[in-house]
Amino acid sequence: MPSTTTAAMTESETPHSPAQDDQSTLEAARRAKMARLVELGVDPWGGRFDDRQLIGDIRGRLGEVVYRLEDGAEVALPDFANVPEGFNFRQWKADQGKGEMVGPQVRAAGRIVLHRDKGKLQFIDIRDMSGDIQLMVGQKQVGDDWEIAKQLDLGDIVGVEGMLGVSNTGELSIFAERVFFLTKSIETPPEKHHGLSDPELRQRQRYLDLTYTDGVMPRFLDRTRIVASIRRTLAEQGFVEVEGPTLHSIAGGAAARPFTTHHNALDIDLFMRIALELHLKRLLVGGIERVYELGRVYRNEGISPKHNPEFTMLEVYQAFGDYNAMMDLTEGLICDAIKAVRADASPADRYKLPWGDATIDFTPPFARKTYAELFQEQTGVDPADEAAVAKLATSLGIETAGRHPDVIKNEVFEEKVEDALLGPIFVTDYPASICPLTKRKRDNPAIAERFELFIQGMEIANAYTELNDPDLQEELFKSQLAGLSEEDSMAKMDHDFIRALRHGMPPAGGLGVGIDRLVMLLTNSQTIRDVILFPLLRPEK
RNA sequence: GAGACCGUAGCUCAGUCGGUAGAGCAACGGACUUUUAAUCCGUAGGUCCAGGGUUCGAGUCCCUGCGGUCUCACCA
């Protein structure tokens with residue numbers, strides 16, 4: 001160690017304390033308090049803390065708190081949620097007579113989010129996953145632990161044991177009897193009132209966003225509830241959850257550019273999966289008649305408020321079903337998910353969800369209209385009239401020369417119709433030529449048995465009566481790949497998938513749901529980055 | 001990938017016409033045993049994203065780069 005001043009020596013020899021060139025007096029102050037805790041024999045990194053109760057549960061026990069008068073009589077507290085304007089609890093207590101607060105013993109732990117030091121009494125708000133509660137920590141009341149209480153900083157994690165009561169201003173509080181130091185925070189937390197507002201910081205440091213930005217924790221807990229509800233609904237209907245490979249040698253099942261990677265031992269290039277479809281259908285062939293996967297797919301495409309390069313997708317396949325079966329399933333999945341996140345809403349309001357300044361009415365059944373009907377409604381043009389559609393397309397600046405009429409029609413649809421579909425609405429019966437992997441209607445081969453669910457102009461679900469004719473499938477694959485070089489098309493033709501179909505895939509309905517987008521709609525989040533914990537960002541620096 | 005806007009203290013933000021860098025919160029010292037974004041007195045805290053240019057002088061004007069937000073495109 002290089003020779004240095006005595007003071008610096010002492011500093012740098014503190015175990016587990018990296019050399020402080022002291023750019024941050026804020027950190028230095030926190031480390032000084034940490035050192036004081038060590039002097040007191042307290043581990044600043046804490047340890048196991050058993051039998052704590054969730055703050056949300058503790059808050060529910062307000063009714064057990066009473067005001068006990070000197071003669072032993074117990075008086076129920078006023079209903080603080082419904083007290084008259086200008087109610088003064090201090091006065092109320094004086095009116096009842098001299099007494100003391102009596103409540104259940106509780107034990108809680110959480111991060112310190114507010115700290116009001118009043119000398120020999122400190123008011124500390126702690127927060128756990130379920131909510132906030134105020135601690136009253138008095139010098140006399142906590143005894144030896146007062147020395148610990150004096151070292152507390154915003155952001156530290158503490159445990160507390162004491163009696164539940166109500167302060168003079170009517171605030172539910174834990175009257176601390178013991179204070180347990182659980183974890184030191186050596187960084188300064190965000191501003192206590194505004195929290196984090198810079199979207200970049202919120203995403204990069206999601207751990208801070210979760211604790212300090214209003215609504216973030218409940219939103220991500222809702223996401224978990226939605227996903228759990230979907231799994232429950234599917235399980236109730238006999239669907240089997242599986243895990244397909246995420247590393248594919250052929251990235252099939254959707255039109256998107258894949259991420260590439262490499263396996264060293266086999267020395268082969270691999271792709272991150274862009275869809276779940278082709279392996280789930282193999283499992284239909286294998287006899288898993290109701291099968292789904294809810295998992296991550298990866299698409300090497302742009303980033304937008306509706307797109308993240310990795311996102312969560314649900315794909316469901318039901319043997320002996322068709323797209324109508326999938327429509328009923330979709331509606332059930334979404335309605336059950338809504339019930340899961342809005343358990344406390346009245347039945348009348350449950351399905352009316354806020355979306356920005358608007359409201360989305362999810363009350364089932366959702367509207368169902370055909371592609372052709374909607375085309376006619378929104379554009380005033382008969383979709384069967386190819387000349388009129390081409391004319392409309394040209395007026396919208398859509399290239400028409402040498403393109404299939406259905407492709408042109410669909411571009412018009414995307415341009416003029418989709419944004420108007422506030423929904424929820426099932427759009428059914430697409431032109432067959434734009435969905436090659438779909439079975440056609442028996443009585444009209446120009447129409448595919450497909451639907452998409454639109455809500456607020458966003459495509460939420462996409463379903464088919466699946467094509468199970470191996471010869472037709474192979475032919476369609478080939479024509480899809482026709483534009484590519486032979487080398488590319490060989491690479492992308494999934495021969496094993498065709499072989500599987502040749503062994504016989506039962507007739508089936510298939511469904512895909514964009515989980516992130518569904519969560520956006522059910523949690524009133526205008527950007528996908530608010531429902532993905534760690535969205536892709538450029539690395540720092 | 002293209003365009004517009006943005007980057008100032010740990011956090012949230014001001015900064016006029018180009019003329020010595022500001023506030024609140026957080027921090028530090030002090031007072032206070034019923035506070036509510038506690039209050040009061042005092043102190044300290046800056047590579048103004050980075051690099052270059054114009055200028056007597058740049059947080060401010062210009063260029064380049066980095067990062068972000070929004071819109072558009074690919075995609076779901």
Side-chain angles (χ1 to χ4, degrees), chain A residues 22-33 88-90 93 101 112-125 132-142 146 149 153-155 165-173 175-176 185-205 208-209 212-213 253-258 274-276 297-315 414 418 452-454 457-462 512-518 520 526-529 535 537-541:
Chain A
D22 204 5
Q23 305 207 324
S24 166
T25 55
L26 297 175
E27 178 177 336
R30 282 165 180 267
R31 287 192 183 274
K33 288 182 190 165
N88 183 332
F89 183 53
R90 200 184 310 234
K93 284 205 289 189
M101 199 66 58
I112 298 174
V113 291
L114 283 175
H115 190 191
R116 296 176 290 280
D117 185 348
K118 245 187 130 287
K120 296 186 176 66
L121 177 67
Q122 298 180 44
F123 295 89
I124 297 172
D125 288 10
D132 293 3
I133 197 162
Q134 173 171 277
L135 314 180
M136 288 174 62
V137 181
Q139 182 175 29
K140 223 181 276 174
Q141 290 79 2
V142 298
W146 182 247
D153 278 317
L154 284 174
V166 173
S167 75
N168 271 354
T169 49
E171 177 86 10
L172 184 66
S173 310
F175 293 66
S185 170
I186 55 179
E187 289 277 357
T188 313
E191 208 266 358
K192 67 186 179 187
H193 188 230
H194 302 94
L196 281 185
S197 63
D198 180 342
E200 179 185 357
L201 279 181
R202 289 188 45 211
Q203 291 161 25
R204 282 197 197 282
Q205 298 184 266
L208 295 180
D209 194 36
Y212 293 104
T213 310
R257 291 147 72 199
I274 58 172
L276 315 173
V297 297
Y298 308 86
R299 298 191 180 177
N300 207 337
E301 308 279 359
I303 294 171
S304 86
K306 291 179 191 170
H307 300 86
N308 191 60
E310 54 178 314
F311 63 102
T312 302
M313 177 99 139
L314 167 69
E315 287 198 28
E414 283 173 4
E418 286 190 358
E452 289 194 279
L453 174 64
F454 281 90
M458 268 196 287
E459 187 193 332
I460 298 302
N462 188 10
V513 179
I515 297 297
D516 311 275
R517 288 181 178 183
L518 179 62
M520 285 169 69
Q526 314 295 312
T527 158
I528 201 167
R529 299 161 93 71
L537 294 170
R538 279 198 174 80
E540 263 180 292
K541 275 279 167 171

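Just so it is clear: chains get the letters A, B, ... in the order the sequence lines come, proteins before strands, and each one is counted from 1. Because only heavy atoms are used, hydrogens play no part in the values below, and waters and symmetry mates are left out as well, while side chains stay in.
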Could you state the [atom1]-[atom2] distance from [X] to [N], rounded to the nearest angstrom?
{"X": "E200(A)", "N": "U12(B)", "atom1": "CD", "atom2": "C1'", "result": "16 Å"}
{"X": "R116(A)", "N": "U33(B)", "atom1": "CZ", "atom2": "P", "result": "16 Å"}
{"X": "I303(A)", "N": "A73(B)", "atom1": "CD1", "atom2": "P", "result": "16 Å"}
{"X": "R30(A)", "N": "G10(B)", "atom1": "CZ", "atom2": "P", "result": "14 Å"}
{"X": "E191(A)", "N": "A9(B)", "atom1": "CD", "atom2": "C1'", "result": "13 Å"}
{"X": "R257(A)", "N": "A76(B)", "atom1": "CZ", "atom2": "P", "result": "13 Å"}
{"X": "K118(A)", "N": "C32(B)", "atom1": "NZ", "atom2": "P", "result": "10 Å"}
{"X": "R204(A)", "N": "G7(B)", "atom1": "CZ", "atom2": "P", "result": "17 Å"}

Nearest-angstrom distance, [atom1] atom, [N] to [M]:
{"N": "U8(B)", "M": "G46(B)", "atom1": "C1'", "result": "8 Å"}
{"N": "G67(B)", "M": "A23(B)", "atom1": "C1'", "result": "27 Å"}
{"N": "U43(B)", "M": "U60(B)", "atom1": "P", "result": "31 Å"}
{"N": "A9(B)", "M": "A44(B)", "atom1": "C1'", "result": "12 Å"}
{"N": "G10(B)", "M": "A50(B)", "atom1": "P", "result": "13 Å"}
{"N": "U47(B)", "M": "C41(B)", "atom1": "C1'", "result": "34 Å"}
{"N": "C17(B)", "M": "G1(B)", "atom1": "C1'", "result": "39 Å"}
{"N": "G42(B)", "M": "C6(B)", "atom1": "P", "result": "38 Å"}

Using purine N1 to pyrimidine N3 plus N6-O4 or O6-N4 for Watson-Crick, or N1-O2 and O6-N3 for G-U wobble, each under 3.5 Å, what pairs with [N]?
{"N": "G57(B)", "answer": "none"}
{"N": "U39(B)", "answer": "A31(B)"}
{"N": "C5(B)", "answer": "G68(B)"}
{"N": "U12(B)", "answer": "A23(B)"}

Just checking [X]: base, sugar-phosphate only, or nothing, at a heavy-atom cut-off of under 4.0 Å?
{"X": "Q134(A)", "value": "base"}
{"X": "E459(A)", "value": "sugar-phosphate"}
{"X": "G514(A)", "value": "nothing"}
{"X": "K192(A)", "value": "sugar-phosphate"}
{"X": "I124(A)", "value": "nothing"}
{"X": "N462(A)", "value": "nothing"}
{"X": "Q205(A)", "value": "nothing"}
{"X": "R529(A)", "value": "sugar-phosphate"}
{"X": "F311(A)", "value": "base"}
{"X": "N308(A)", "value": "base"}
{"X": "K33(A)", "value": "sugar-phosphate"}
{"X": "R517(A)", "value": "base"}

Measuring only between side-chain heavy atoms, which start at C-beta, is [X] closer than 4.5 Å to [Y]?
{"X": "M101(A)", "Y": "K93(A)", "result": "yes"}
{"X": "R116(A)", "Y": "Q134(A)", "result": "yes"}
{"X": "L154(A)", "Y": "I112(A)", "result": "yes"}
{"X": "Q141(A)", "Y": "M136(A)", "result": "no"}

Output the single nucleotide from [options] whose closest atom is nearest the side chain of [X].
{"X": "L26(A)", "options": "G10(B), U34(B), U12(B)", "result": "G10(B)"}
{"X": "P305(A)", "options": "U71(B), U33(B), C74(B)", "result": "U71(B)"}
{"X": "F123(A)", "options": "U34(B), U69(B), U12(B)", "result": "U34(B)"}
{"X": "L121(A)", "options": "U33(B), U35(B), C13(B)", "result": "U33(B)"}

Below 3.5 Å, does any donor atom in the side chain of Q122(A) face an acceptor in the base of U33(B), or the other way round?
->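 In this structure, the two groups form no donor-acceptor pair.
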Is a donor on one side and an acceptor on the other found under 3.5 Å between the side chain of [X] and the backbone of [Y]?
{"X": "S173(A)", "Y": "F175(A)", "value": "no"}
{"X": "R517(A)", "Y": "K306(A)", "value": "yes"}
{"X": "N462(A)", "Y": "E452(A)", "value": "no"}

First encountered from the 5' end of RNA chain B, between L196(A) and K140(A) | L196(A)
Which residue lies toward the 5' end of RNA chain B, D117(A) or Q139(A), if each is placed at its nearest nucleotide?
-> Q139(A)
Using only side-chain N and O atoms of S197(A), determine if any of them is under 4.0 Å from OP1 or OP2 of C13(B).
-> yes
For V166(A) and F89(A), work out which heavy atoms get closest and say how close.
->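 For V166(A) and F89(A), the tightest heavy-atom pair comes out as CG1-CE2, 3.6 Å.
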